[in-house]
Amino acid sequence: MTSQNSNVGKLKTLSGALDIMVRTKHAFQLIGRELVGELGQPKSEEAPPAADPSPSLNREEVIKLLSIFESRLSFLLLQSIKLLSSTKKKT
């Protein structure tokens, strides 16, 4: 009985984390679109960076952030699948 409670707790935790990740998906999509938009625009060397009213994304930081998001989402999905498959085998 203890393992069932433990698995239920783990599943709730994983489901909550997945829910949060899914809710933030839209924000990451917007960041990705903005990054692609910046890459598509030719850089103007005439205007100094301080004259740009919209802050520019740091490309390396965005790529790292997206990579971390992707790896964490993959980990959560894998752990959920493992937990659900082990629970299914026991029943």
With sequence neighbours excluded, tell me which residues meet side-chain contact (heavy atoms from CB on, under 4.5 Å) with Gln29. Lys25, His26, Arg33

How far does CG of Leu14 sit from CG of Leu84, to the nearest 0.5 angstrom? 8.5 Å

In Å, rounded to the nearest 0.5 Å, how long is the span from CG of Leu18 to CG of Leu11? 9.5 Å

List the atom pairs, donor and acceptor, that lie under 3.5 Å between side-chain atoms in residues 73-83 and the rest of the protein, sequence neighbours left out.
{"residue": "Ser74", "atom": "OG", "partner": "Glu70", "partner atom": "O", "Å": "3.0"}
{"residue": "Ser80", "atom": "OG", "partner": "Leu76", "partner atom": "O", "Å": "2.9"}

Side chains of Leu65 and Phe69, heavy atoms from C-beta outward: is any pair under 4.5 Å?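 With C-beta onward as the side chain, the pair stays apart.
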
